[in-house]
Amino acid sequence: MGRLSPTVVIRAVAAQARCSIEQLPSFSFTGWIRPVSCPSIAAPLYSVSAFAERTFCLEFEPRDQFEQRLKKIEQIRALGQDPYPREFRWTDTPAMLVEQFGKATAAELEANKREVRVAGRIISIRLMGKAGFAHLQGAGKRIQIYVKKDAVGEKGFQLFHLLDLGDSIGVRGHLFRTKTNELSIWVEEIFFLAKALLPLPEKWHGLTDVELRYRQRYLDLLANETSRQVFVTRARIIQELRRFFDARGYIEVETPMMHPIPGGAAARPFITHHNTLDIDLYLRIAPELYLKRLTVGGFDRVYEINRNFRNEGISTQHNPEFTMLEFYEAYSNYRDLMDMNEKLFALLTKSITGSTTVKYGGSDLDFSRMERLSMREAIVKYWPREAGEPPTSETLASAGGAREATNRYNAWAKKSAAPYAASKGELTDGEWTGLLFETIAEDKLVQPTILYDFPTDISPLSKQKPEDPSLTERFEIYVAGMEVANGFSELNDPAEQERRFLAQIAQGGEEMPKQLDVDYLRALCHGMPPTAGEGIGIDRLTMLLTDSPSIRDVILFPLLRPESGGEPSGTSEAHGA
RNA sequence: AGGGGCGUAGCUCAGUGGUAGAGCAGCGGCCUUUUAAGCCGAAGGUCGUGGGUUCGAUCCCCACCGCCCCUACCA
């Protein structure tokens, strides 16, 4: 929405004029203009509303209903009701009434008549001559209203006749039970609150088109209670996490989302530009390096819950922007975090779902405990028997051992339908180990599992194990074959960190850093206490706790290709102002 | 990026090489305790877009667009 220059030449479809864009004459207009994207009309259109009169209006499909409902606005006005009033003072919500009086008998309701004022969206209407029923929905809960001509009067009943599914209204009346014993409101007065110019999704099937569910989430939320519930649960999960960390003396912080140097993860960043400074900035791929600067600064326990952006593919488990909880705890190591995670996941699942066992797809996930496997142990455990004798942890630890095992596995995989461990270019021992794990074991980790001791080669920010510098004190939590958390003892030796950064830059590749984050190294030189840190993927966690098969089901507005009716640049007249 | 699937009325879906149907929603009528309200009536579609084959395409073929799923990159 934007303020326009005083005179704007608008090419639009005129609702009343019913003519094509070409037929509509150019005209001058002073006021406000809102560009509106329209799913079903090819050309970009504008909605123009003047203060005094609505002369022109965008039209959406279904056009006939849209026009009919527009006319009803005038009829509602004619009845003396403001079609867009400013407020409604309610005493109860549908949810409150259902909660409080769901069990009250007809006699009890009759004996304790109380006036109620309730607002909601009309989701069903059953008109029967001089009376009718409707359901009002508010915050996902619904209550029936009974509107009788005798009770609401001539004008009130006319207003009731003008209502459409989707309209917002308020009612004043009292509770009673119908013949069929449904708790209902005996309406004495109707207040019109807002017009729905477009119809609700089909009442029986709801909104099933997945694309529309993602694009027009507002309709999905109205029509599908399960979808609404997912996002309520998501909010509760985040609440619980905050509570968990707040209770442990953590403070919540916000670090930059626009980074001059992308870092903290191996991923391709989005690039943007700041005009005044004339510099390119990168949408952050991880908050890690900033949060650790804060531990240097004496914030011994910090967390941040916010978005990361990675310019990678989109799938049922990946959205280009996703939400991470990252937290850092000074004076602890990765073992402490593993213990804490077991507690956290058990507590969280219990408080969110009521049980530590959670149904996800076809499996029951048991969060009451977590199996712990080192990465090498996982490879040995899930090595397919058909591929020959599994390697031992000692073999995998030896120079060239992981590579040899992967080659042996691949020789078998080629002959069978098993996934192939494809490597790009020459790999180090640690990279071979990681590759082999991902190929044969990752998707087998259905029950919550802590996988630990990652190769140093693929863990540039983790502290090495004192007894084996080829491994780091790092773990990841896998559930349902998905990585949901990643934590480690943070590398706080600046010299070693510099060595690893430089090695990454030398290695090159799209996901690798190209610049040295000098300030981060300087911060480490000021001394970072021993610290353990971790990131938890909130979207994936929500998937698990809401039994959602796709990450898009737990993100309100997942990234989709924009619907481009005509040429997207056609809105330039509006945007240019 | 590669492979597979889908796209028909506003919504949910049938269907056919001879230019299409149902339910719901919407419109008109009847109905003062219904609840997927009911009954009567009328209306609603460039069958995703563009080519091709054909006397004729919504159907067959090709391309494109969009979405979904799997694989690859990634968390």
Side-chain angles (χ1 to χ4, degrees), chain A residues 39-40 42 60-69 71-72 106 123-135 142-152 157 160 164-166 176-184 186 196 198-216 219 223 264-268 285-286 308-326 419-420 422 424 438-439 442 476-478 482-486 509-511 535-541 543 549-552 558 560-565:
Chain A
S40 40
F60 289 102
E61 295 291 339
R63 201 172 276 226
D64 56 337
Q65 290 194 42
F66 190 84
E67 283 176 20
Q68 280 156 10
R69 289 172 179 227
K71 285 187 191 129
K72 284 184 179 174
I123 53 154
S124 72
I125 302 179
R126 293 171 295 285
L127 262 177
M128 292 164 302
K130 298 188 177 58
F133 291 91
H135 274 103
R142 53 191 60 174
I143 188 155
Q144 179 169 264
I145 63 171
Y146 178 55
V147 180
K148 200 163 80 145
K149 193 173 180 183
D150 299 347
V152 297
F157 204 65
F160 186 53
D164 289 301
L165 296 186
F176 76 111
R177 283 197 182 271
T178 61
K179 273 183 186 169
T180 52
N181 210 35
E182 176 163 351
L183 181 68
S184 308
W186 182 285
L198 293 168
L200 288 175
E202 210 251 10
K203 71 174 173 187
W204 189 240
H205 298 92
L207 187 64
T208 56
D209 184 316
V210 284
E211 181 182 352
L212 286 181
R213 286 188 46 222
Y214 298 147
R215 286 196 192 280
Q216 294 180 264
L219 294 183
R268 270 149 57 193
I285 55 176
N308 291 340
F309 307 86
R310 299 190 184 173
N311 208 336
E312 309 279 356
I314 298 175
S315 78
T316 47
Q317 290 174 39
H318 302 85
N319 194 61
E321 55 177 308
F322 64 101
T323 302
M324 281 262 282
L325 159 68
E326 271 202 23
Y420 187 79
K424 294 181 301 183
E438 282 168 23
T439 309
E442 186 170 4
E476 290 188 345
I477 297 176
Y478 285 85
M482 278 193 299
E483 181 192 336
V484 296
N486 177 16
E510 290 234 72
E511 291 88 32
I536 297 179
I538 300 299
D539 311 283
R540 289 181 179 179
L541 181 61
M543 287 169 68
S550 169
I551 200 166
R552 293 185 202 90
L560 302 177
R561 196 179 302 274
E563 24 178 0
S564 59

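Only this structure's heavy atoms are used, side chains among them; waters, hydrogens and symmetry mates stay out. Chain A is the first sequence line, chain B the second, and so forth, proteins listed ahead of strands; every chain is numbered from 1.
- In this structure, NZ of Lys149(A) is placed 15 Å from P of U33(B), rounded to the nearest angstrom.
- Residue Asn181(A) is classed as having no contact, given no heavy-atom separation below 4.0 Å to the nucleic acid.
- Residue contacts shown for Phe176(A) include a base, since a base heavy atom lies under 4.0 Å away.
- The base of U33(B) lies outside donor-acceptor range of the side chain of Glu182(A), with no N or O pair under 3.5 Å.
- For Leu165(A), the side chain to side chain contact (heavy atoms under 4.5 Å, CB included) partners are Ile122(A), Ile125(A), Leu200(A), not counting sequence neighbours.
- Nearest nucleotide to the side chain of Gln144(A), out of U32(B), U33(B), U34(B): U34(B).
- Going from the C1' atom of G7(B) to that of G15(B) covers 16 Å, rounded to whole Å.
- Partners of Thr439(A) according to the side chain to side chain donor-acceptor pair (under 3.5 Å) rule, which considers only residues two or more places apart in sequence or in another chain, do not exist here.
- Nucleic acid contact class of Gln317(A) (heavy atoms, under 4.0 Å, all strands): base.
- In this structure, CG of Asn319(A) is placed 15 Å from C1' of C73(B), rounded to the nearest angstrom.
- A distance of about 31 Å separates the C1' atoms of C70(B) and G51(B), rounded to the whole Å.
- Pair assignment for G38(B) gives C30(B), based on Watson-Crick or G-U wobble hydrogen-bonding distances that are each under 3.5 Å.
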### Task
Decide yes or no on side chain to side chain contact (heavy atoms under 4.5 Å, CB included) for Glu312(A) and Arg268(A), but give the supporting numbers first.
CA-CA 7 Å; Glu312(A) 309 279 356; Arg268(A) 270 149 57 193; 3.9 Å; yes
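- Rounding to the nearest 0.5 Å places CZ of Arg540(A) at 9.0 Å from OG1 of Thr316(A).
- In this structure the side chain of Leu183(A) reaches within 4.5 angstrom of the side chain of Arg177(A), judged on heavy atoms.
- Residues passing the ring pair (Phe, Tyr, Trp, His ring centres under 6.0 Å) test with Phe133(A) are Tyr146(A), sequence neighbours excluded.
- Across all strands shown, G17(B) forms no Watson-Crick or G-U wobble pair with both distances under 3.5 Å.
- Side-chain contact between Ile536(A) and Leu541(A) is present, with heavy atoms from C-beta onward closer than 4.5 Å.
- Lys148(A) comes within 4.0 angstrom of a base, heavy atoms only.
- A1(B) atom P lies 14 Å from atom CD of Glu312(A), rounded to whole Å.
- To the nearest angstrom, P of C24(B) lies 17 Å from CG of Leu200(A).
- Checking A1(B) for Watson-Crick or G-U wobble geometry (two distances, each under 3.5 Å) identifies U71(B) as its partner.
- Residues Phe157(A) and Ala131(A) approach most closely at CZ-N, 3.4 Å, considering heavy atoms.
- The pairing partner recorded for C64(B) is G48(B), the criterion being a Watson-Crick or G-U wobble arrangement whose two distances lie under 3.5 angstrom.
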| task | List the steps and the verdict of side chain to side chain contact (heavy atoms under 4.5 Å, CB included) for Arg142(A) and Ile123(A). | result | CA-CA 9 Å; Arg142(A) 53 191 60 174; Ile123(A) 53 154; 3.2 Å; yes
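- With rounding to the nearest 0.5 Å, the separation of CD in Glu483(A) from CD in Glu476(A) is 3.5 Å.
- Here A9(B) sits opposite no nucleotide as a Watson-Crick or G-U wobble pair (both hydrogen-bonding atom distances under 3.5 Å).
- Here Asn308(A) contributes atom CG and Ile285(A) contributes atom CD1; the two are 8.5 Å apart, rounded to the nearest 0.5 Å.
- At a threshold of 4.0 angstrom between heavy atoms, the contacts of Ala266(A) are confined to the sugar-phosphate backbone, with no base atom among them.
- Comparing Asp539(A) and Ser184(A) along RNA chain B, the residue whose closest nucleotide (by nearest heavy atom) sits nearer the 5' end is Ser184(A).
- Note on Arg540(A): a base of the nucleic acid sits closer than 4.0 angstrom, heavy atoms only.
- Distance from the side chain of Thr178(A) is smallest for U33(B) among the nucleotides U32(B), A75(B), U33(B).
- Rounded to whole Å, the distance from CZ on Phe133(A) to P on U34(B) is 6 Å.
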Inset, instruction - Could you go through the side chain to side chain contact (heavy atoms under 4.5 Å, CB included) check for Glu321(A) and Arg310(A) one step at a time? - result: CA-CA 7 Å; Glu321(A) 55 177 308; Arg310(A) 299 190 184 173; over 6 Å; no
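- Separating the P atom of C61(B) from that of C6(B) is a span of 11 Å, rounded to the nearest Å.
- What separates CD1 of Ile123(A) from P of U34(B) is a distance of 19 Å, to the nearest Å.
- U53(B) and G3(B) have their C1' atoms separated by 28 Å, with the value rounded to a whole Å.
- With C1' as the reference atom, G50(B) and U58(B) are 15 Å apart, rounded to whole Å.
- Atom CZ of Arg310(A) and atom C1' of A75(B) are 6 Å apart (whole Å).
- A distance of about 10 Å separates the P atoms of C64(B) and G2(B), rounded to the whole Å.
- Contact record, Arg552(A) with Pro558(A): CG-CB, 3.7 Å, taken as the closest heavy-atom pair.
- Taking atom C1' in both G44(B) and C24(B), the straight-line distance is 14 Å, to the nearest Å.
- Looking at heavy atoms from C-beta onward, His135(A) lies in side-chain contact with Glu182(A) at the 4.5 angstrom threshold.
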Please tabulate, one pair per line, each protein N/O and nucleotide N/O from nucleotides 41-43 of chain B that are separated by under 3.5 Å, including the distance.
none

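- Rounding to whole angstrom units, CD of residue Glu483(A) and P of A75(B) are separated by 6 Å.
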5' to 3', nucleotides 64-71 of chain B under a 4.0 Å protein heavy-atom cut-off (B base, S sugar-phosphate only, - none) gives --SSSSS-
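- Separation of the P atoms belonging to C11(B) and U49(B) is 14 Å when rounded to the nearest angstrom.
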Pairwise N/O distances under 3.5 Å, protein to nucleotides 26-29 of chain B:
| from | atom 1 | to | atom 2 | distance (Å) |
| --- | --- | --- | --- | --- |
| G26(B) | O4' | Gln65(A) | NE2 | 3.4 |
| G26(B) | O2' | Gln68(A) | OE1 | 2.4 |
| C27(B) | OP1 | Lys72(A) | NZ | 2.6 |

